[in-house]
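First the structure, in the form of structure tokens, and then the observations on it.
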Amino acid sequence: MSISTKYNPKEIEKKWYDSWMQRGFFRSKPNPNKEPYTIVIPPPNVTGVLHMGHMLNNTIQDVLIRRARMQGKEACWVPGTDHASIATEAKVVAMLKERGINKKDLTREDFLKYAWEWKDKYGGIILDQLKKLGASCDWDRTRFTMEDDLSAAVIEVFVDLYRKGHIYRGVRMVNWDPQGKTALSDEEVIYKQVNSKLYYLNYQIEGSDDTLTIATTRPETILGDTAICVNPNDERYKHLHGKTVLVPLINRSIPIITDEYVDMEFGTGCLKVTPAHDLNDYELGIKHKLPSIDILNDDGTLSDKALLYVGENRFVVRKKIAKELEEKGILAKVEDITNNVGFSERTDAVIEPKLSMQWFCKMDAMAKPAMESVMEDQIKLHPPKFKNMYRSWMENIRDWCISRQLWWGQRIPAFYLPDGSFVVATTAEEALELARKQSGNNELQVSDLHQDEDVLDTWFSSWLWPISVFDGFKDPDNKDILYYYPTNDLVTAPEILFFWVARMIMAGYEFRKEPPFRNVYLTGIVRDAQGRKMSKSLGNSPDPLDLIEQYGADGVRAGMLFSSPAGNDLLFDEKLVEQGRNFSNKIWNAFRLIKGWEVDETLPCPNETAIKWFESRFNEAFVQIEDHFEKFRISDALLAVYKLVWDDFCSSYLEMIKPAYQQPIDKQTIDATVGFLENVLKALHPFMPFLTEEIWHDLKERKEKEFLIVAAWPKKDTFDKEIIEQMDSVLKVIAAIRNIRNSKNIPNNKQLDLLIKVMTQNSYDAFLSIIRKLANINEISFVEDNVEGAISFIEAGDEFFIPMAGNIDVAAERERLTKELEYTKGFLNSVAKKLSNERFVNGAPEAVIANERKKQADAEAKIKAIEQSLASL
RNA sequence: GGGGUGUUAGCUCAGCUGGUUCAGAGCACCUGCCUUACAAGCAGGGGGUCACUGGUUCGAAUCCAGUACGCCCCA
């Protein structure tokens, strides 16, 4: 035979991907005669390269979209990338540095030119990598969050929300990244446990020689202190209420205030209040009308308001000031503690809570419908355990800081007048008009206005993604948006459930009055075999493209899905991918076998039972597979196909119908078998698209557009439960015979005889040839009595004998039978006990009791049979 | 500290509405096979007090409470 015994994915994958592309199978257009099925890709970071998380995520999306396509839906998977402002800007800055260029020396326009240059060069990499995986995206629809239309949408939305009063500008405590020199949203801050020191400092009480001790992890911030706070119920400090103390080193007089917020147990129970540098202190400050003293510059050095150590880095100052305090006898003691410190997700710098002027988007009004839609299952989360988390987040939502002190992104459309007031408008011209109206000054020119320097958070683009990719802002009634929106399923990671998913839902209701999608499938995190998160720094992540090279895209796809139930982390092991590859090979060889048969049209069909059985078995399995799909149990769906193919189709069915070596096969069997293989390929195609398409075409001549990728998905059909059960018993009989061979060291090629004592209504007539073939039996006969000199076993209530021609080890056989007898008696006993319990008989449903009675009768029959066998030994 | 969620075979996990799918699957493991589709394979097999304690029930892996340990989110 000329077909290789091993499946070789390399050229095959490229061939079919190109072929699909050429024929436009991935493309989608609104088609009123078809039901739309839409997925928008979670846009990967434009700076990114494919990692294992993307592999899992996009494999699942591809499985969903391919199945929908085969189901005859108008399947549309929209790809694209997002501009990832901080990450990309950091990469561009690094690139410039390499070329000896400092960002500070560039104008905004020059910098953006470099940024686009960078994006054009590296921005498409990740999408090309997805093609290797087999992703069947409609590439003609590829979008980018910074392209003109999507940027216009962002600006339009900003202006709209501003006019609705949802966007405001204000001084607020924000998470400041002193390295990136930008504000971050709460979600971009990662808290880590670190070892710190707790410094105990003595503050002099004014008008007294006494001191008061406070504890702080950040002694440098005392320079910004504006009060000391104690719990009003704290007996220790009652005598100090209303007094003032002096801040050490600078001797500023600050009041002692009281608030129940203070934890009496922590430190000394005295809290220093630094409203400019701590969120809780800030809120205390507002409540008690305290001044804020901002002692830090944007780059994390001390400002002149600090009075001391001006211009020095915050961490350097911490050490220096601790030393100075110690020398001056102010430092009482130092303790080691661990506390949570926030770090920038992007630059890893320690976050500085900082007061600054930022733009905010109000969340409460928009959060309401977004929360309800998930709680009431208009949008379903899979698995639903994430609903709780979602709710608690939405209930405690805070306003969204949307401004970023960067250049790479959509510039905030606010224009400042010479007097410091501002207007918000989509264009400078429109702004001028508004500004003239607002100021009453008709002499104002565009050049008098100054646009805000900041850009918008990237998520302020991506929350519009399901709408903006269909140009739903530019042209709200266009055909695409009307047809594809709401999209169907979103596949993403739980980490961005709030960042992104929740905000998309808000935007959906705000701008389209409809949810952006119906189902959210949450994948897990891909971890290594030890359970560690895969990361570049650990070096524990395989390169996905290497894996594809080694095992084939189909093998990798299957491997990823073998062990990844929704919402559960995937402990990735290369073994899984190996299993995927082995599976590819298994199917390949099944195909080789079928392809290799000569057909003799004159032969009668000896395989009616096998054919009838597999047909039913396929339908049974397919119903289950569909059920898994409907419940988003993708892993289970794959495993069900896997078992259907390997166990039922290959190990059982093909062995049943396989003609003897070099013998031809009859027409009816080959036709049925090819049909079965086609159905199996269909069910398998979403998971393993390349291999299945290849076999599809090798199996038969196909017409120009007759591709598996667009073949009709099988329909759920009825199945004959009885034949499945009968075959089940028959296969157990075969296994029992094989087991006897194994344990008695009887070679496979030695034919045995089989005698059957039927004690039930079972009929084996239709299955005799199958038993003969699979168990290598010479003669099968039926008996009324026990057979002497034979090994026996019971299956489905009937007794089977294999004559051993005197080769029986009587003692061993007696022991085996005795053991089985004992077990069965014990079993009977437990059933009898149940049945003699009056409360069980009265309380349990009829079916359960009938079942127990059947168990009882079966066990009794079995005991009788074993006893007879023992007697005849 | 608050909330959520989990603990089932060596590993990863199914197990829905308590009772024949109740103790399962895949991988790993053990034994025997190079039997012309496949050694990336074939055949067979051994593994579990369902975390622990108590409760509800005729009956609990399944429901309830507590304990221990793990993970996640928030502070």
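Chain naming here is simple, since letters A, B, ... match the order of the sequence lines and numbering starts at 1 in each.
- Taking the P atoms as reference points, B/A40 lies 16 Å from B/C34, given to the whole Å.
- Residue contacts for A/Phe591: at a heavy-atom cut-off of 4.0 Å it reaches no nucleic acid atom on any strand shown.
- For A/Tyr551, the side-chain hydrogen bond (donor to acceptor under 3.5 Å, both in side chains) partners two or more places apart in sequence, or in a different chain, are A/Glu574.
- Under the side-chain hydrogen bond (donor to acceptor under 3.5 Å, both in side chains) criterion, the residue pairs touching residues 579-590 of chain A are A/Gln579-A/Tyr642, A/Asn589-A/Arg592, with sequence neighbours excluded.
- Among the atoms of the strands shown, only primed sugar atoms or phosphate atoms (P, OP1, OP2) are found under 4.0 Å from some heavy atom of A/Arg738.
- Contacts of A/Tyr653 classified as side-chain hydrogen bond (donor to acceptor under 3.5 Å, both in side chains), with partners at least two apart in sequence or in another chain: A/Thr673.
- Contacts of A/Ala558 classified as side-chain contact (heavy atoms from CB on, under 4.5 Å), with partners at least two apart in sequence or in another chain: A/Phe562, A/Leu638, A/Met688.
- Listed nucleotides B/A75, B/G44, B/G15 differ in distance to A/Arg633; the shortest reach to its side chain belongs to B/G15.
- Partners of A/Val623 according to the side-chain contact (heavy atoms from CB on, under 4.5 Å) rule, which considers only residues two or more places apart in sequence or in another chain, are A/Lys716, A/Phe719.
- The side-chain contact (heavy atoms from CB on, under 4.5 Å) test applied to A/Asn679 returns A/Phe618, A/Lys682, A/Pro714, not counting sequence neighbours.
- Using a 4.0 Å heavy-atom cutoff across all strands shown, A/Ser651 reaches sugar-phosphate atoms only and no base atom.
- Taking 4.5 Å as the limit, some side-chain heavy atom of A/Trp597 sits within range of a side-chain heavy atom of A/Ile657.
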For nucleotides 28-35 of chain B, list the nitrogen or oxygen atoms of the protein found under 3.5 Å from its nitrogen or oxygen atoms, one pair per line.
none

Taking only N/O atoms, report every protein-nucleotides 58-60 of chain B pair under 3.5 Å with atom names and distance.
from	atom 1	to	atom 2	distance (Å)
B/C58	O2'	A/Asn837	ND2	3.0

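- The same atom, P, is picked in B/G47 and in B/A9; the two are 15 Å apart, to the nearest Å.
- Here the nucleotide nearest the side chain of A/Asn582, chosen from B/G44, B/G41, B/A37, is B/G41.
- A syn orientation is assigned to B/G47, its glycosidic angle lying within 90° of 0.
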- Take A/Lys575 and A/Glu578 through the test salt bridge (charged side-chain N to carboxylate O under 4.0 Å, His left out) and record every step on the way to the result. CA-CA 5 Å; A/Lys575 278 234 155 75; A/Glu578 207 180 301; 6.0 Å; no
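- Closest approach to the A/Phe498 side chain among B/A40, B/A37, B/C73 is made by B/C73 (side chain taken as heavy atoms from C-beta onward).
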- Encode nucleotides 2-11 of chain B as B, S and - characters from 5' to 3', where the letter depends on protein heavy atoms closer than 4.0 Å: B to the base, S only to sugar-phosphate, - to neither. --SS------
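- The side chain of A/Lys586 lies closest to B/G41 when the candidates are B/A40, B/G45, B/G41.
- Listed nucleotides: B/G15, B/A25, B/A37. Nearest to the side chain of A/Lys643: B/A25.
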- Tell me, what's RNA chain B's dot-bracket, Watson-Crick or G-U with both distances under 3.5 Å, | for other-strand, [ ] crossing? (((((((..((((.....[....)))).(((((.......))))).....(((((..]....)))))))))))).
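- Shown here are the side-chain contact (heavy atoms from CB on, under 4.5 Å) partners of A/Asp377, two or more places apart in sequence or in another chain: A/Lys380, A/Lys387.
- For residues 727-741 of chain A, the set of pairs meeting the salt bridge (charged side-chain N to carboxylate O under 4.0 Å, His left out) definition, not counting sequence neighbours, is empty.
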